[in-house]
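Note: hydrogens, waters and symmetry copies are ignored here, and every other heavy atom, side chains too, is used.
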Amino acid sequence: MLVMLTAAVGLYALGGYMGEGLYGVVDSNFRFDREVAFDPMAPVRLLQEAIGRGLLLIAPFALLMLVVSVAGTLLLGGWTFNLEGLAPKFEKLNPVKGLQRMFGLRAVIELVKALAKVLVVGLVGLLVLYTFRDDFLALARVPLETGIAGGIRLFFQAFVFLALALALVAAVDVPYQLWDNSRKLRMTRQELKEEFKETEGKPEVKSRIRQLQRELSRGRMLEKVPQADVVVTNPTHFAVALQYDQLKMQAPKVVAKGVGLIALRIRELAEESKVPIFEAPPLARALYHTTEIDQEIPSGLYLAVAQVLAYIYQLRNATADARPLRPEPEIPEEFMKYANRGMSTEQ
């Protein structure tokens, strides 16, 4: 449709220039001297000159048509450069698939569309020929210069009507093509499953990977228990190992924590490494629920942990006769909800 419409506009704008030039080509080739008439190579030379001049005359029009034909494709589908289209596909030689393409639903739709296009454009073309039949026949009886100008005018009018017919076809076909292309790009449910498996991995594989990651993380965590200064317990369900270096740390940090069997393993490692174990159920639960591995404890628990660490440091320097009093760590009100969490499990 764009090509036909541009052709009409191009003939209207460049028709006079091309008509005069082509008239000059024809006129000069039918006017020659007597010597040229007896030169065997003259017809070849004159033909070459006529073709060269004719190509130069229609070059602007041809360039305009080329630009529009490319621009129309870009407007509809965008720019795509892919060398895969040049690769041979032997599946296209499969006669079974060829028959499926010929007799499938898409083939029927394309056939109906093609017949509708031919019918619409053909009827408009016949109507144009019938309407301007006298003008076309009159071209044979007028001078050459007038005939070329009249022919260009008739072609311009014919192209306008054909472009309008194609515009009607495009108004129906372009939305359908966009919808059909969008439908083809959608993946089926099975394709979505396969892509999910390829990108995310199979569920059983992901589960095994997560299990291995947890085991590796747990192993690295347990290796740090002997470096802890104290292990705060629940006494059995929760265990949190704390480390504090006054020269390197702003606050104590959690080097290991666990619940259930992991908590039991932390206690065992602490006992083997002679790391002090301090039983404080509310503090142990609060630390477990509000901290992460290798992170400092929250500021709200500074006082409670400081009381525990001070007691542990006093124990190291105390004698058998002068043991320090065991403190009862104070848990702030905002941490009591964590301190009470897990009590039903413990019971």
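- The side chain to side chain contact (heavy atoms under 4.5 Å, CB included) test with Leu242 is passed by exactly one of Val255, Val232, Ile312: Val232.
- To the nearest 0.5 Å, atoms CG (Leu5) and CG (Leu166) are separated by 10.0 Å.
- By the 30° and 60° cut-offs, the orientation of the rings of Phe159 relative to Phe155 is perpendicular.
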request  = Could you check Leu46 against Glu49 for side chain to side chain contact (heavy atoms under 4.5 Å, CB included), going step by step and ending with a plain yes or no?
outcome  = CA-CA 5 Å; Leu46 291 174; Glu49 293 176 359; 4.1 Å; yes
ask   = Hey, mind stepping through Val172 and Tyr176 against side chain to side chain contact (heavy atoms under 4.5 Å, CB included) and telling me if it holds?
value = CA-CA 7 Å; Val172 178; Tyr176 170 77; 5.9 Å; no
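- Looking at heavy atoms from C-beta onward, Leu287 lies in side-chain contact with Val305 at the 4.5 angstrom threshold.
- Here the straight-line distance linking atom CD1 of Ile58 with atom CE of Met65 works out to 11.5 Å at 0.5 Å rounding.
- Under a hydrophobic-cluster definition in which Ile, Leu, Val, Met, Phe, Trp and Tyr are linked whenever side-chain heavy atoms come within less than 4.5 Å, directly or via other members, Leu2 and Leu11 are assigned to the same cluster.
- Across every non-hydrogen atom of Val160 and Ala8, the tightest pair is CG2-CB, 3.6 Å.
- Leu162 and Val120 fall into different hydrophobic clusters, where Ile, Leu, Val, Met, Phe, Trp and Tyr side chains are chained together by heavy-atom contacts under 4.5 Å.
- Using a 4.0 Å cut-off between a side-chain N of Lys or Arg and a carboxylate O of Asp or Glu, Arg220 and Glu223 do not qualify as a salt bridge.
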Worked verdict on Leu261 versus Arg265 for side chain to side chain contact (heavy atoms under 4.5 Å, CB included) = CA-CA 6 Å; Leu261 294 177; Arg265 182 56 181 160; over 6 Å; no
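- Closest approach of Ile262 to Met221, counting heavy atoms only: CG2-CE, 3.9 Å.
- Counting heavy atoms from C-beta outward, Pro329 and Tyr311 have side chains that stay 4.5 Å or more apart.
- Cluster annotation: Leu264 and Phe278 are assigned to distinct hydrophobic clusters (Ile/Leu/Val/Met/Phe/Trp/Tyr, side-chain heavy-atom contacts under 4.5 Å, transitive).
- Val128 and Val9 are members of different hydrophobic clusters when ILVMFWY side chains are connected at heavy-atom separations under 4.5 Å.
- Looking at heavy atoms from C-beta onward, Pro324 lies in side-chain contact with Leu315 at the 4.5 angstrom threshold.
- Side-chain contact between Gln157 and Leu154 is present, with at least one heavy-atom pair separated by less than 4.5 Å.
- By the neighbour-count criterion of 12 heavy atoms within 6.0 Å, atom CG of Leu137 is densely surrounded, having more than that number from other residues, nucleotides or ligands.
- Closest heavy-atom contact between Leu22 and Gly54: CD2-CA, 4.5 Å.
- If you take CG on Leu283 and OG1 on Thr233, they are separated by 10.0 Å, rounding to the nearest 0.5 Å.
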request  = Could you walk me through whether Glu271 and Ile277 pass side chain to side chain contact (heavy atoms under 4.5 Å, CB included), step by step?
outcome  = CA-CA 8 Å; Glu271 291 173 354; Ile277 298 176; 3.6 Å; yes
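- In this structure, the separation between CG on Leu168 and CG on Asp173 is 11.0 Å, given to the nearest 0.5 Å.
- The same ILVMFWY cluster, assembled from side-chain heavy atoms under 4.5 Å apart, contains both Val68 and Met4.
- Between Arg153 and Asp135 there is no salt bridge, since no side-chain N of the basic residue sits under 4.0 Å from a carboxylate O of the acidic one.
- Summarising the local packing, CD of Glu272 is surrounded by more than 12 heavy atoms from other residues, nucleotides or ligands at distances under 6.0 Å.
- Val230 has its side chain within reach of Leu309: a pair of non-hydrogen atoms, C-beta onward, lies under 4.5 Å apart.
- Residue Phe61 holds its CZ atom at 8.0 Å from CG of Leu14, rounded to the nearest 0.5 Å.
- The number of heavy-atom neighbours closer than 6.0 Å to CG of Leu325, taken from other residues, nucleotides and ligands shown, is 12 or below.
- Heavy atoms only, all atoms of each residue included: Phe335 and Pro298 are closest at CE2-CG, 3.8 Å.
- Shown here for Tyr288 and Val240, the closest heavy-atom pair between the two residues is N-CG2, 3.9 Å.
- Counting all heavy atoms, side chain and backbone alike, Ser28 lies closest to Arg53 at OG-NH1, 3.0 Å.
- Around CD of Glu330, the count of heavy atoms belonging to other residues, nucleotides or ligands within 6.0 Å does not exceed 12.
- The shortest distance between side-chain heavy atoms of Pro175 and Leu178 does not fall below 4.5 Å.
- Two rings, from Phe238 and His289, have their centers less than 6.0 Å apart.
- With sequence neighbours left out, Val275 forms a side chain to side chain contact (heavy atoms under 4.5 Å, CB included) with Ala228, Val231, Ala270, Ser273.
- Below 30°, between 30° and 60°, or above 60°: for Tyr12 and Phe156 the angle between ring planes is between 30° and 60°, a tilted geometry.
- When atom types are taken as modelled, the side chain of Thr6 and the backbone of Val3 share no donor-acceptor pair closer than 3.5 angstrom.
- Under a cutoff of 6.0 Å and an axis angle of 45°, Arg133 and Phe136 do not form a cation-pi pair.
- Residues Gln177 and Lys113 have side chains in contact (heavy-atom distance under 4.5 Å, counting atoms from C-beta outward).
- Taking the side chain as every heavy atom from C-beta outward, Pro332 and Leu301 approach each other to under 4.5 Å.
- Listed by first and then second residue, the salt bridge (charged side-chain N to carboxylate O under 4.0 Å, His left out) pairs that reach into residues 245-257 come to none, sequence neighbours excluded.
- Take Tyr23 and apply the ring pair (Phe, Tyr, Trp, His ring centres under 6.0 Å) test, not counting sequence neighbours, and it matches no residue.
- Rounding to the nearest 0.5 Å gives a distance of 9.5 Å between CD of Glu20 and CD1 of Ile152.
- The backbone N or O of Gln243 lies less than 3.5 Å from no partner atom in the side chain of Asp229, so there is not a single donor-acceptor pair.
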